[in-house]
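Values reported hereafter were calculated over all heavy atoms of this structure, with side chains retained and with hydrogens, waters and symmetry mates removed.
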Amino acid sequence: MTGQVRTVDGRVAGRRGQATRQKLLDCLGEMLSSSPYRDVKVIDVARKAGTSPATFYQYFPDVEGAVLELAEEMAKEGAGLTELVSGRSWVGKAAWQTSEDLVDGFLDFWRRHDAILRVVDLGAAEGDKRFYKIRMKILNSVTNSLTDAVKELQAKGRVDKEVSAAAMAGSLVAMLASVAGHQKGFTTWGVKQAELKPNLALLVHLGITGKKPVR
């Protein structure tokens, strides 16, 4: 944890206070993995962390405030998803590798943060601008890099000029996010994870390059 951590009333938290605050966040994250967001109560989080509701309220105004803290931390990590695309080649065999790496990284990120992402999606769908901004921060990290990739291919004459780079990139990222959030559901359709990844990578490759992959 970097920078000063403050309590709700503005005081700077000491090392023990920071540790307690982080433990509350960790316990909340665990609870979100097994309980519906609306069912999580301050007293339950405090009890799991071995402290009191009064201590919880020293660091967070309510459960939603703590969830937003978790979401912001996740979004910071999500910004790193751009590394899966930025500066990577979309030509020849390298393009297929880039497509596979993007799909692997995207699905892995969603699996690791499944619980908090479900809450973010719920909040965004309900019109909460705070959650919407966090969701877009994560998606933009990949969308912007993919947009640049399409534009670069267009500049080299490898992709039709009529293709809207931003629309193509945004559509692919929205597809990836939707699929990533529905990974468990694919098993009900008889689709294995090992089958999902290469087919998703194929769609990404076709969308960016307009060509069948060279493997």
Exercise. Would you say Asp62's side chain and Gly65's backbone share a donor-acceptor pair under 3.5 angstrom?
Worked result: yes
Exercise. Side chains of Gln58 and Arg21: closer than 4.5 Å at any heavy-atom pair?
Worked result: no
Exercise. Is a side-chain donor or acceptor of Thr55 paired with a backbone partner of Thr51 at a separation under 3.5 angstrom?
Worked result: no
Under 3.5 Å, which donor-acceptor pairs do the side chains of residues 37-45 form with other protein atoms, sequence neighbours left out?
unit_1 : atom_1 : unit_2 : atom_2 : d
Arg38  : NH2    : Glu126 : OE1    : 2.7
Arg38  : NH2    : Glu126 : OE2    : 2.7
Asp44  : OD1    : Arg47  : NH1    : 3.3

For this session: Count the heavy atoms belonging to other residues, nucleotides or ligands that lie under 6.0 Å from NZ of Lys197, then report whether that count exceeds 12.
Result: yes
For this session: Evaluate the criterion side chain to side chain contact (heavy atoms under 4.5 Å, CB included) for residue pair Asp121 and Phe131; output intermediate values, then yes/no.
Result: CA-CA 7 Å; Asp121 284 346; Phe131 286 114; over 6 Å; no
For this session: Could you check if a side-chain atom of Leu153 sits within less than 4.5 angstrom of a side-chain atom of Val91, using non-hydrogen atoms only?
Result: yes
Problem set entry | Contacts of Asp108 that satisfy side chain to side chain contact (heavy atoms under 4.5 Å, CB included) - sequence neighbours left out | Arg111, Arg112
Exercise. With a 4.5 Å limit on heavy-atom distance, are the side chains of Val85 and Asp148 in contact?
Worked result: no
For this session: Please round to the nearest 0.5 Å and tell me the distance separating atom OG1 of Thr187 and atom CD of Gln193.
Result: 9.5 Å
Exercise. What's the shortest heavy-atom distance between Gly29 and Ser33, and which atoms?
Worked result: O-OG, 3.2 Å
Exercise. Under the side chain to side chain contact (heavy atoms under 4.5 Å, CB included) test, which residues partner Lys156, sequence neighbours left out?
Worked result: Glu152, Arg158
Problem set entry | NZ on Lys211 to CH2 on Trp90, rounded to 0.5 Å | 13.0 Å
Problem set entry | From Leu176 atom CG to Thr143 atom OG1, the distance as rounded to the nearest 0.5 Å | 9.0 Å
For this session: Using a 4.5 Å cut-off on heavy atoms from C-beta on, say whether the side chain of Phe186 contacts that of Val179.
Result: yes
For this session: May I ask whether Leu139 and Val150 are part of the same hydrophobic cluster, defined by side-chain heavy atoms of I, L, V, M, F, W, Y residues being less than 4.5 angstrom apart, directly or through others?
Result: yes
Problem set entry | Side-chain donor or acceptor of Ser141 paired with backbone N/O of Ile138 under 3.5 Å | yes
Problem set entry | Transitive ILVMFWY side-chain link Val214 to Val204, under 4.5 Å | no
Exercise. Which atoms form the tightest heavy-atom contact between Gly105 and Leu81, and what is the distance?
Worked result: O-CD2, 4.0 Å
Exercise. Just by distance, with hydrogens left out, do Glu100 and His205 show a side-chain donor and acceptor under 3.5 Å apart?
Worked result: no
Exercise. Do you know which two heavy atoms are closest between Pro198 and Trp96, and how far apart they sit?
Worked result: O-CH2, 3.5 Å
Problem set entry | Step-by-step side chain to side chain contact (heavy atoms under 4.5 Å, CB included) determination, Tyr59 to Leu25 | CA-CA 10 Å; Tyr59 302 103; Leu25 287 174; over 6 Å; no
For this session: Taking Gln183 for its side chain and Leu107 for its backbone only, find out whether a donor-acceptor pair lies under 3.5 Å.
Result: yes
Exercise. Between the side chain of Glu72 and the main-chain N/O of Glu69, is any donor-acceptor distance below 3.5 Å?
Worked result: no
Problem set entry | Donor-acceptor contact present, side-chain Ser178 to main-chain Ala174, <3.5 Å | no
Seminar exercise, completed: In this structure, CD of Glu83 is separated from CG of Leu102 (nearest 0.5 Å) by 13.0 Å
Exercise. Are Leu202 and Phe106 connected in a single hydrophobic cluster, I mean Ile/Leu/Val/Met/Phe/Trp/Tyr linked by side-chain heavy atoms less than 4.5 Å apart?
Worked result: no
Seminar exercise, completed: Output for pair (Ser99 OG, Leu84 CG), nearest 0.5 Å, gives 11.5 Å
Exercise. Hey, mind stepping through Leu172 and Met168 against side chain to side chain contact (heavy atoms under 4.5 Å, CB included) and telling me if it holds?
Worked result: CA-CA 6 Å; Leu172 289 172; Met168 180 60 73; 4.2 Å; yes
Seminar exercise, completed: Minimal heavy-atom distance between Ala169 and Leu146, with the atoms involved, is CB-CB, 3.6 Å
Seminar exercise, completed: Value for NZ (Lys48) from NZ (Lys23), rounded to nearest 0.5 Å, stands at 10.0 Å
Problem set entry | Ser145 side chain to Thr82 side chain, donor-acceptor N/O pair below 3.5 angstrom | yes
Exercise. Given side chains that start at C-beta, do those of Leu32 and Leu70 come closer than 4.5 Å, heavy atoms only?
Worked result: yes
Problem set entry | Ring geometry between Phe60 and Phe56 (parallel below 30°, tilted from 30 to 60°, perpendicular above 60°) | tilted
Problem set entry | More than 12 heavy atoms from other groups under 6.0 Å of NZ on Lys93 | no
Exercise. Quick one: does Asn140's side chain have a donor or acceptor within less than 3.5 Å of a partner on Met136's backbone?
Worked result: yes
Exercise. Is a donor on one side and an acceptor on the other found under 3.5 Å between the side chain of Gln154 and the backbone of Ala149?
Worked result: no
Exercise. With respect to His113, which candidate in Glu73, Glu77, Arg118 satisfies the side chain to side chain donor-acceptor pair (under 3.5 Å) definition?
Worked result: Glu77
Problem set entry | Pairing of Lys192 and Glu195 as salt bridge, 4.0 angstrom limit | no
Exercise. What about Leu206 and Ile208, same hydrophobic cluster or not, with Ile/Leu/Val/Met/Phe/Trp/Tyr joined at side-chain heavy-atom distances under 4.5 Å?
Worked result: no
Problem set entry | Ser89 backbone acceptor or donor facing Thr98 side chain under 3.5 Å | yes
For this session: Verify whether the ring centers belonging to His182 and Trp110 lie closer than 6.0 Å.
Result: no
For this session: Check the pair Ile134 / Leu68 against side chain to side chain contact (heavy atoms under 4.5 Å, CB included), numbers first and verdict last.
Result: CA-CA 9 Å; Ile134 290 171; Leu68 281 166; 4.0 Å; yes
